[in-house]
Engineer: 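Structure below; questions to follow.
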Amino acid sequence: MAEIDHWQPVLRTNELRAAPAAVKLAGRELVVFRDGDGRVRALDDVCPHRGMRLSLGHVEAGNIVCPYHGWAFRGDGTAVVPPARNKHACAGRWDAIERHDLVFVKPSGVTAPFPRLELDGFHHVSTFRREIDAPVELVLDNFIEVEHTPGTHAFLGYANTDDVVTTVRATDDHVWVRNVGPQKPVPRLLRPLANVSTGDEFTDEWTTWFSPVYTVYDHIWRDGSTGALKEHLRSPVFFVPIDEHRTNLFVAVYARRSPYGRLGFNMLSYAAVGLLSRFEVELDVEMVENIADKSTSLAGRKLGHFDTALGKARERIERIYRGQQPR
Amino acid sequence: MSPSRVDNLVVGAGPAGLAVAACLRRRGASFEVLERAAEVGSSWRTHYERLHLHTAASHSHLPYREFPDIYPTYPSRQQIVDYLADYAREFDVRPHFGATVQRASPVGDTWRVETARGDWTAKRLIVATGYNGHPMVPEFDGQAGFAGPIVHSKAYFSGREFAGKRVMVVGSGNSGAEIAVDLFECGATPFICIRGPVHVNARDFMGIPAQVLSLRLSKLPRWVADRIGVAASKMRYPDLEALGIRRPSKGPISMIVEDGRIPMIDIGTIDLIRQGALTVVPGITSFDREGAHFVDGRYVELDAVVLATGYRSGLGDWLETDALDDHGLPRVFGAPAAPGLFFIGFRNPPTGALRDIGQEAQALADHIAKAN
């Protein structure tokens, strides 16, 4: 398995409109478009004729038309003949599918599991994509430790990591982390919106998988005194390399509470939670992009106990995601 | 060895058996529970891994004990397994494990029950063995010559072992529809064989579980409920026919009530069909070594077949009674079906099987408590 040999998201569903979209996945350039049935399709972004970028063309009758000489290709990459003069011309084909409001691709013919997000019964709050100027390892690092939450985050996380109990467990194919501690201060105005208060018991629990690289978070808030469940968000996050230096981060937020709860107030609450999630991710990005030493190796770094999951993730990225033999 | 005596003998330690046991315990009635497996909730333990409850947690728990607050709307298989184990502990239900019932027959005004681990005499026999005891396995022409495995969904746990393979699921019930999704998610190339017309409905509408809506619908006249059911399906799936799935002429609610056939609850199956990730095939005419022929003349190469063709109760195999219908299913619930004979958990109403079990268990326990 190589980096590209997994089902990975490359776009949000509503980023794909009538025009073909150029996307980059682990250094490979693809064109993504909708065919005549509205099905999402993906091909190598290079015309087999003279190497032009198909993404600069347009879609006509469900086929993608190269802007250079007008050769047309179906969603499966085969040429429409005529006008293509060479009936053997075939654009490099990828499998593509829309699920969970994201467009996923993998090279055709490669066997790969589809990421399981366990969203049954959860309600969609928000999905967004953020390009980050840092390699995939460093982005993942940020998202699998809570030590940064007191300083980096506005509302999400813990005030003091001394009060946090962290458990890390790893199996061959995943890394699981649970943190439990008091929620950091929440401004009075946000409390009803987020349904979270200062001092609630906040459990930040997640599992990271490596084919592809993604983490499914459970953010659970319980009343500090009664222990009653107040809020539960489930949030799958995908870490997809654009190339060696940049990463596409896909964040989806789902809630356990139905949007109709609290007489429909939850809908307003959802909007707020969606915006807050985006804001908190921006704060993460601010830090990650400003890292001075963006080498991906952990060798030589002085790590603390909150970084336990990082090393385990590194090993699994190399072995499972990149398919490298352990050195 | 003379048989052990007990007032109330419950057969089966799944949700139905445990619910009855809990209700009897609350009423101070004495009982024993027989279970053929080595643990409670054995069907749920061996169901395929991806399974979730199709009905809402808030409307599906057993008597006296809600699901833990952290359980989502549709609890997972493992969560149900854990819940049942906790439930048995809480109500101190300790079944006799490994006690497969070989024969149960009325003797005078008692029931005589022979098991693999001793015999019983009971005043009342409460049968809670479930409607999915025995797999129904159809036979197809040429299937003996098919090179790949043909397994029943009862033996299917995960699609992982089928990664990279071309696998056909036979049957369009909820197991078939979900196993097809599981196969795709595990990296197989799935096909689903839909032989006859089938109703399809979403599991929820705008975030409201279909079961909760069914509870409302069930109060309406059946023809009205049927029309609403079909209209809802047509709104959500206007392209069903184009995907190779025909709707039955009989309404969905009537089919549940009259024929015990529940609609396919869509957990993503239809979307995979639309996107070409799952291929619908019609009835099978025959198998050969490499694949199968279909009634529309198509031929598909296959590596394996999963039969999601349902179950039969298997009651007729061991239970000596004339209280069963042509399908081998009981007709009377919440009251004696024959002197000293009760059934629970053999229905699958639109409002949810677990919810129904809870109500039946209470009615049944009331009946028994009054008789004492």
Engineer: What pair of heavy atoms forms the shortest contact from Arg116(A) to Cys186(B), and how long is it?
Structural biologist: NH2-SG, 4.1 Å
Engineer: Decide, yes or no, whether a salt bridge links Arg274(B) with Asp37(A) under the criterion of side-chain N to carboxylate O below 4.0 Å.
Structural biologist: no
Engineer: What I'd like to find out is whether the side chain of Leu272(B) reaches to under 4.5 Å of the side chain of Ile97(A), using heavy atoms alone.
Structural biologist: yes
Engineer: Side chain, backbone, both or neither: which part of Arg234(A) has a heavy atom under 4.5 Å from chain B?
Structural biologist: neither
Engineer: For the CD atom on Glu90(B), are there more than 12 heavy atoms of other groups (residues, nucleotides or ligands in this structure) within a distance under 6.0 Å?
Structural biologist: yes
Engineer: Relative to chain B, which segment of Val110(A) carries a heavy atom at a distance below 4.5 Å: side chain, backbone, both, or neither?
Structural biologist: neither
Engineer: Taking C-beta and beyond as the side chain, do Ile220(A) and Ile70(B) meet within less than 4.5 Å on heavy atoms?
Structural biologist: yes
Engineer: Under a 4.0 Å N-O cut-off, is there an ion pair linking Arg99(A) with Glu185(B)?
Structural biologist: yes
Engineer: Quick check on the interface: out of Gly187(B), Gly268(B), Ser76(B), who has the most heavy-atom pairs with chain A under 4.5 Å?
Structural biologist: Gly187(B)
Engineer: Run the numbers on His232(A) and Asp69(B) for side-chain contact (heavy atoms from CB on, under 4.5 Å), then give the verdict.
Structural biologist: CA-CA 10 Å; His232(A) 180 190; Asp69(B) 62 1; over 6 Å; no
Engineer: Pair Asp271(B), Glu98(A) - check side-chain contact (heavy atoms from CB on, under 4.5 Å), show working.
Structural biologist: CA-CA 9 Å; Asp271(B) 186 50; Glu98(A) 290 174 79; 5.7 Å; no
Engineer: State the CZ-CH2 distance between Phe184(B) and Trp7(A), to the nearest 0.5 angstrom.
Structural biologist: 4.5 Å
Engineer: Against chain B, work out which of Asp95(A), Thr111(A), Asp120(A) has the most heavy-atom pairs shorter than 4.5 Å and name it.
Structural biologist: Asp120(A)
Engineer: Is chain A contacted by the side chain of Asp182(B), its backbone, both, or neither, given a heavy-atom distance below 4.5 Å?
Structural biologist: both
Engineer: Output the residues of residues 44-65 of chain B for which the shortest heavy-atom distance to chain A is under 4.5 Å, in residue-number order; output 'none' if no such residue exists.
Structural biologist: Arg50(B), His52(B)
Engineer: Measure distances from Glu118(A) to the heavy atoms of chain B and classify the residue's part below 4.5 Å as side chain, backbone, both or neither.
Structural biologist: side chain
